[in-house]
Number of protein chains: 2
Amino acid sequence: MDTQLLEVFRVVAQYGSVTAAARQLRFTQSAVSRQIAALEADLGVRLFDRLPRGVALTEEGRTLLPHAEAMLDRLLAARQDLDELHGLGRGRLRVGAFPTAVAALVPRALASFRIAHPDVALSLVEGKTPTLLDNLTAGDADVAVVSASPTAPLDSTRFDLHHLIDERLLVAVARDHRLARRRRIRFAELADDPFIVGSATAEETLLRASLPEGFQPRVDIVAADWTGKLGCVAAGLGVALVPALAVRGTPVDVTLLRLHHEDETVRRIFAATVAGRSRPPAVSRFLTHLGHAASGFG
Amino acid sequence: MDTQLLEVFRVVAQYGSVTAAARQLRFTQSAVSRQIAALEADLGVRLFDRLPRGVALTEEGRTLLPHAEAMLDRLLAARQDLDELHGLGRGRLRVGAFPTAVAALVPRALASFRIAHPDVALSLVEGKTPTLLDNLTAGDADVAVVSASPTAPLDSTRFDLHHLIDERLLVAVARDHRLARRRRIRFAELADDPFIVGSATAEETLLRASLPEGFQPRVDIVAADWTGKLGCVAAGLGVALVPALAVRGTPVDVTLLRLHHEDETVRRIFAATVAGRSRPPAVSRFLTHLGHAASGFG
DNA sequence: CTTCGACATGCTATCTCCGCATGGCAGCGA
DNA sequence: TCGCTGCCATGCGGAGATAGCATGTCGAAG
């Protein structure tokens with residue numbers, strides 16, 4: 001039996017609702033529904049009564065709950081004991097990351113890391129890639145999530161680079177935009193569309209660097225953050241470039257298009273550590289969490 | 001994390017050997033090796049030192065072991081608590097089965113049932129299908145594993161039938177037999193081969209009934225049980241019909257051949273209970289164990 | 001009576017995991 | 001010293017499991 005079933009069971013019991021538990025667990029409702037069904041089938045008992053508004057523990061469910069909690073607690077205790085052996089008990093982990101990664105990728109990795117290693121002190125600093133690398137060298141950060149562009153490759157002699165994911169740049173257009181049904185588009189087709197750009201941040205500069213040589217988008221509107229940009233796009237005010245990683249849930253009134261292969265630029269995203277420097281256990285472990293989080297964006 | 005990983009870990013730790021644990025768990029060595037690797041990867045520690053002769057727990061492994069045992073014990077306790085609620089605590093289960101099923105299928109199901117419900121008193125009776133069904137009706141058995149042949153269909157109005165598996169009849173030939181490399185053969189091709197048959201049991205009669213109309217095998221040798229039959233086959237004394245279910249581990253010097261589609265007869269194997277009679281929890285649960293055991297013979 | 005909220009389920013793509021076969025490594029005996 | 005053996009690791013292919021999406025069903029509220 002997978003302990004994940006027990007975790008799901010515990011959360012559903014806590015909320016009294018499959019849907020609420022699914023939100024909490026970052027699953028779909030159907031997945032949680034199936035997991036409960038699988039657990040019931042495995043144990044051969046009905047754990048919840050299905051009510052019009054949610055679910056309620058049966059007698060069997062109430063019997064199982066303390067056992068499930070005991071097993072999950074024991075699993076956590078086991079992980080912590082092993083962490084102690086490896087110096088993960090009271091360590092610290094200082095992460096640096098560029099803005100797009102802070103939107104979803106890094107928080108997700110930090111969240112799962114925090115569950116696995118609750119006693120490690122965490123800190124997160126947002127910054128541009130060069131700054132992050134300087135911090136790394138200076139010993140002010142343990143690991144940095146950075147992006148490499150063809151124009152600014154990373155110095156692999158000074159840093160150990162762990163490739164996490166290749167991030168595409170997407171074009172956000174309104175749902176009823178003339179190109180919204182296309183699978184891939186070219187920059188040239190957008191020559192007449194107003195581009196909505198973010199504030200004059202380093203991140204935004206990077207985006208503009210992704211445009212092809214000689215392409216001059218008409219820039220009309222300046223929005224502060226991704227949400228605002230997408231809002232403007234949805235309202236039909238123009239189109240915008242967004243990194244795929246910045247998009248967690250797509251607003252229903254915006255369509256994200258991939259660029260034609262020739263125009264498509266992928267940023268390679270790495271986790272960097274200082275080469276040759278001994279790596280604390282917490283850092284090594286966080287790298288695996290980053291890897292898992294990144295795979296969720298495939 | 002799957003609790004199976006913990007179970008595997010526990011057994012490997014107990015035996016100090018991946019291979020021995022695999023035998024005990026009825027897995028292949030490679031499966032156990034992978035499970036240990038998966039557990040180590042999940043926890044991020046090395047649990048065993050690999051020695052020339054087996055494996056030995058590391059400090060981390062010794063740390064994990066009590067946690068693993070506690071979790072597994074708690075899981076067992078949870079199942080037992082739920083069983084109590086359902087009257088599975090101190091029940092009894094009387095199983096009847098025809099001889100081939102007693103060779104492997106039913107014992108396997110009983111074994112897993114016994115682990116899940118250790119306090120249920122078990123009994124097993126071997127017999128022919130008609131006798132088993134009579135016992136069932138008379139209330140002398142709770143469930144019967146029976147086979148249906150086209151000539152003797154089961155009475156589905158008096159019994160609830162749960163289809164378990166379709167069993168093929170295989171032809172055992174010596175490894176160097178002229179037909180040993182063929183995928184499928186016909187009865188007619190065996191006209192000149194001595195057939196080794198079992199004693200004059202009902203089971204054996206069933207086998208002969210599987211031969212096509214008018215086919216008269218040359219019968220030379222009579223062996224007492226499956227093992228003896230296969231031994232004779234291995235020695236090149238002749239060929240033999242064996243039900244697929246009777247074969248657990250094939251002797252290396254015997255090749256089992258499937259019959260050509262036209263000659264192939266499949267016995268449908270069912271678990272039968274008396275229709276309309278209220279079914280004790282232990283019986284319902286045993287049916288699922290039978291189902292799982294049967295799926296292992298796919 | 002319609003609508004809405006909540007859980008269940010058919011379908012499909014993907015992933016995982018097992019068994020098989022093979023490879024590598026360490027000891028042992030000739 | 002060289003094969004031989006026992007043991008664990010791993011590439012590969014197929015079968016089973018699982019998540020997401022979309023849809024169905026049921027009961028309550030308006």
Side-chain angles (χ1 to χ4, degrees), chain A residues 1-9 11-13 15-42 46-58 61 108 247-250 252 291-298, chain B residues 1-9 11-13 15-42 46-58 61 108 165 247-250 252 255-256 288 291-298:
Chain A
M1 174 193 306
D2 198 315
T3 56
Q4 177 169 249
L5 296 182
L6 299 177
E7 178 67 32
V8 167
F9 167 71
V11 176
V12 171
Y15 282 85
S17 156
V18 171
T19 306
R23 269 196 297 273
Q24 168 74 17
L25 295 163
R26 308 243 179 200
F27 274 118
T28 59
Q29 173 270 126
S30 82
V32 172
S33 175
R34 270 183 233 270
Q35 305 228 25
I36 294 300
L39 185 60
E40 288 180 330
D42 183 334
R46 172 157 291 252
L47 297 169
F48 293 99
D49 286 321
R50 274 63 169 180
L51 308 177
R53 283 286 183 277
V55 297
L57 282 174
T58 61
R108 208 169 290 189
V247 186
R248 265 170 310 206
T250 315
V252 292
H292 290 152
S295 69
F297 285 90
Chain B
M1 175 194 303
D2 198 313
T3 55
Q4 178 167 241
L5 297 182
L6 299 177
E7 178 68 30
V8 168
F9 167 71
V11 177
V12 172
Y15 282 85
S17 156
V18 171
T19 304
R23 268 195 298 271
Q24 168 74 15
L25 294 164
R26 309 242 178 201
F27 275 119
T28 58
Q29 171 270 128
S30 80
V32 173
S33 175
R34 270 185 237 269
Q35 303 226 28
I36 294 300
L39 185 61
E40 289 180 330
D42 183 333
R46 173 156 289 251
L47 296 169
F48 293 98
D49 287 323
R50 274 66 168 178
L51 308 177
R53 282 287 182 276
V55 297
L57 282 173
T58 61
R108 208 170 291 189
I165 196 175
V247 186
R248 266 169 311 205
T250 314
V252 293
T255 301
L256 296 171
T288 72
H292 289 152
S295 69
F297 286 91

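Computed from a predicted model, the values in this text were never measured in an experiment.
Between B:L39 and B:M1, some side-chain heavy-atom pair lies under the 4.5 Å cut-off. Put simply, the side chain of B:V18 does not reach to within 4.5 Å of the side chain of B:R50, judged on heavy atoms. A:Q35 places a side-chain heavy atom less than 4.5 Å from the side chain of A:F27.
A sub-4.0 Å separation between OP1 or OP2 of C:dA8 and a side-chain N or O of A:S33 is present. When the side-chain nitrogen and oxygen atoms of A:Q4 are compared with OP1 and OP2 of D:dA19, one or more of them lie within a distance under 4.0 Å. OP1 or OP2 of D:dG6 has not a single side-chain nitrogen or oxygen of B:T19 nearer than 4.0 Å. Considering only side-chain N and O atoms, B:R53 lies nowhere under 4.0 angstrom from the phosphate OP1 or OP2 of D:dG6.
A:R23 places its CZ atom 11 Å from the P atom of C:dG5, with the value rounded to the nearest Å. If you measure from atom CZ of A:R50 to atom P of D:dG24, you get 21 Å, rounded to the nearest angstrom. In this entry the distance linking CG of A:D49 with C1' of D:dC26 reads 15 Å, nearest Å. Atoms CZ (A:R46) and P (C:dC7) sit 13 Å apart, rounded to a whole Å. B:D2 places its CG atom 8 Å from the P atom of C:dC17, with the value rounded to the nearest Å. The CD1 atom of A:I36 sits 9 Å away from the P atom of C:dA8 (whole-angstrom rounding). Atom CZ in A:F48 sits about 16 Å away from atom P in C:dA6, given to the nearest Å. Across the protein-nucleic acid pair, A:Q29 atom CD and D:dC26 atom P stand 16 Å apart, rounded to whole Å.
The minimum heavy-atom distance linking B:F48 with B:T58 is given by the pair C-CG2, 3.5 Å.
Comparing D:dC8, C:dT9, D:dG11 against the side chain of A:R34 picks out C:dT9 as the nearest. Closest approach to the A:P52 side chain among C:dG19, D:dG20, D:dG27 is made by D:dG27 (side chain taken as heavy atoms from C-beta onward). Side chain of A:F27, nearest nucleotide from C:dC18, D:dA19, C:dT9: D:dA19.
The backbone N or O of A:L47 lies less than 3.5 Å from a partner atom in the side chain of A:E40, making a donor-acceptor pair.
Both A:Q35 and B:V55 sit near DNA chain D, but only B:V55 has its closest nucleotide nearer the 5' end.
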